[in-house]
Amino acid sequence: RRGMTSLNVRLRRPAKTFRPNDVVQCVVVVRNKPNAPDAVTSHQGIHVCATGVATTCTLTGRTIASSVLLSFTAPVCPPGKLAVDKRTDFPFDFKVEPLQGQTLLESYHGVCISVIYTVKCEIKRGMLGKNFSDTIEFAVEIPTELPPPQRILFHIAPAIVTHQTHTTLPDLPTFEVDGWFDGLTCDIRCPLVGHFKLTQCEMEINSVELQLVRVETCKATTVETEIETLQVVDGNILTGTEIPLYLLFPRLLVCATQQCAFFSVEFKMIMCVRLRIGHTITETFPLVLCHCARH
């Protein structure tokens, strides 16, 4: 607003994503308007604080455990006065490194688990003045060396089906589905690629879907969340027709597969074959997601 003092902390890198040992370059920007009722003339110093905190909670929001992974504090301006009607910049930087005895974890916002990294700046104004503050979040990703690509073959038939619905309906018809995936250890930035074909089936198919499921585990609580569904087939398909599979990972809803002392975040993909008679046949494939070290 006009006639108001503003305080902002900004990251020099637009992407706001960093890896361990990267240097985070920031700047605190203060604009002090003249004749503003809250104009800051004198202050008790400007301080910045960077923190990384991993938290687990119940479904009702009650915190179960919390751990500080990263902590950095520093003054960027000693006590004094700020220029009026002028923009003043205070640059600073810090290194993305864990506290002693801790390990950095991937940034993540989930149902019961969160790993959040923030930078906060604050102008201290003494006992009679209200402090000004601003906070910005940045992301940390942990690079991993991907193993050599290894094609994964799969075969789905009545004898090896792991799950079906409507068990009161007649027995499953004869069917076979064959296919492959390029691999089940995936770089988050790259799609999961594969093919499948219906070798034989006595009944018509209604649809084929791929479901990406996130599994959060902390203490005795496990929460599964379906975060993406891709309909591959709508309607019946000809026997022997090769159908391509191409699944992109939603960047805001996934992170690298990770496990620590008090939680784990894992992923799995479910292939659903829905038949016209009402059966839903599913097969589950465990996924390992990571950020490739070469990117």
Side-chain angles (χ1 to χ4, degrees), residues 11-26 50-56 67-72 93-99 101-119 136-152 181-194 210-218 223-228 230 245-270 284-295:
L11 300 175
R12 298 285 193 184
R13 181 183 297 182
K16 300 181 182 180
T17 301
F18 301 86
R19 291 185 169 188
N21 297 318
D22 282 354
V23 175
V24 181
Q25 296 180 326
C26 308
T51 57
V53 180
T55 306
T56 60
S67 178
V68 179
L69 310 174
L70 176 149
S71 181
F72 165 84
D93 59 65
F94 62 94
K95 196 173 184 180
V96 180
E97 55 186 3
L99 291 173
Q102 294 285 6
T103 302
L104 291 177
L105 299 173
E106 186 115 345
S107 294
Y108 176 68
H109 292 265
V111 178
C112 296
I113 301 166
S114 64
V115 182
I116 300 174
Y117 296 86
T118 58
V119 180
I136 190 170
E137 184 175 344
F138 66 97
V140 172
E141 63 181 32
I142 310 300
T144 305
E145 288 291 343
L146 282 175
Q150 183 178 5
R151 179 166 289 191
I152 305 297
F181 293 107
D182 273 347
L184 297 179
T185 299
C186 310
D187 186 347
I188 291 175
R189 295 180 178 84
C190 301
L192 174 67
V193 177
L210 294 180
Q211 296 177 354
L212 181 61
V213 178
R214 184 180 64 199
V215 183
E216 299 178 357
T217 304
C218 53
V223 178
E224 295 192 2
T225 307
E226 181 183 321
I227 57 176
E228 183 179 23
L230 174 66
L245 302 172
Y246 195 89
L247 178 70
L248 291 170
F249 299 106
R251 293 287 300 276
L252 295 178
L253 300 175
V254 300
C255 68
T257 300
Q258 52 187 332
Q259 294 183 340
C260 68
F262 57 98
F263 75 80
S264 67
V265 181
E266 299 171 297
F267 298 88
K268 62 183 179 181
M269 183 182 60
I270 302 174
T284 300
F285 303 89
L287 297 178
V288 176
L289 303 186
C290 60
H291 285 101
C292 180
R294 293 188 297 273
H295 285 185

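Note: Ile113 CD1 to Cys218 SG = 5.0 Å, rounded to the nearest 0.5 Å. Summarising the geometry, atom CZ belonging to Phe267 is positioned 8.5 Å from atom CD belonging to Glu216; distances are rounded to the nearest 0.5 Å. With values rounded to the nearest 0.5 angstrom, Leu289 atom CG is found 10.5 Å from Gln258 atom CD. Atom-to-atom distance recorded for Tyr246:OH and Leu230:CG is 11.5 Å, nearest 0.5 angstrom. Once rounded to the nearest 0.5 Å, the distance linking CG of Asp93 with SG of Cys26 reads 8.0 Å. With rounding to the nearest 0.5 Å, the separation of CZ in Phe285 from CZ in Phe181 is 5.0 Å.
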Decide yes or no on side chain to side chain contact (heavy atoms under 4.5 Å, CB included) for Arg214 and Val265, but give the supporting numbers first.
CA-CA 7 Å; Arg214 184 180 64 199; Val265 181; 4.2 Å; yes
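Under the rule for a salt bridge (Lys or Arg N to Asp or Glu O under 4.0 Å), the partners of Glu224 that lie at least two apart in sequence or sit in another chain are Lys268. For the salt bridge (Lys or Arg N to Asp or Glu O under 4.0 Å) test, residues two or more places apart in sequence or in another chain that qualify with Asp22 are Arg13. Shown here are the side chain to side chain contact (heavy atoms under 4.5 Å, CB included) partners of Val223, two or more places apart in sequence or in another chain: Leu59, Val111, Cys112, Thr221, Thr225. With sequence neighbours excluded, the residues that form a side chain to side chain contact (heavy atoms under 4.5 Å, CB included) with Leu99 are Val68, Ser71, Gln102. For Cys260, the side chain to side chain contact (heavy atoms under 4.5 Å, CB included) test picks out Leu105, Phe262, Phe263, with sequence neighbours left out. Remark: Glu226 engages Gln211, Thr229 in a side chain to side chain contact (heavy atoms under 4.5 Å, CB included) (not counting sequence neighbours).
Of all non-hydrogen atoms in Phe138 and Leu11, the two that sit nearest each other are CB-CD1, 3.7 Å. Taking each heavy atom of Leu69 and Leu104 in turn, the nearest pair found is O-CD2, 4.3 Å. Considering every non-hydrogen atom in both Cys255 and Ile188, the closest pair reads C-CD1, 3.4 Å. Heavy-atom minimum distance, His291 versus Ala256: ND1-CB, 4.4 Å. Shortest non-hydrogen contact noted between Leu248 and Pro191 is CD2-CB, 3.7 Å. Counting all heavy atoms, side chain and backbone alike, Arg19 lies closest to Pro143 at NH1-CB, 3.5 Å.
Residues Leu70 and Pro98 form no side-chain contact, since every pair of their non-hydrogen atoms from C-beta on lies 4.5 Å or further apart. Within the 4.5 Å cutoff, side-chain heavy atoms of Phe94 are placed close to those of Val119. The shortest distance between side-chain heavy atoms of Thr118 and Thr51 falls below 4.5 Å. Counting heavy atoms from C-beta on, the side chains of Tyr117 and Val24 never come closer than 4.5 Å. Side chains of Val254 and Leu212 form a contact here, defined as non-hydrogen atoms less than 4.5 Å apart. Inter-residue side-chain proximity for Gln259 and Glu266 is flagged as met; some heavy-atom pair is nearer than 4.5 Å. Inter-residue side-chain proximity for Leu253 and Glu228 is flagged as unmet; no heavy-atom pair is nearer than 4.5 Å. Put simply, the side chain of Val140 reaches to within 4.5 Å of the side chain of Ile142, judged on heavy atoms.
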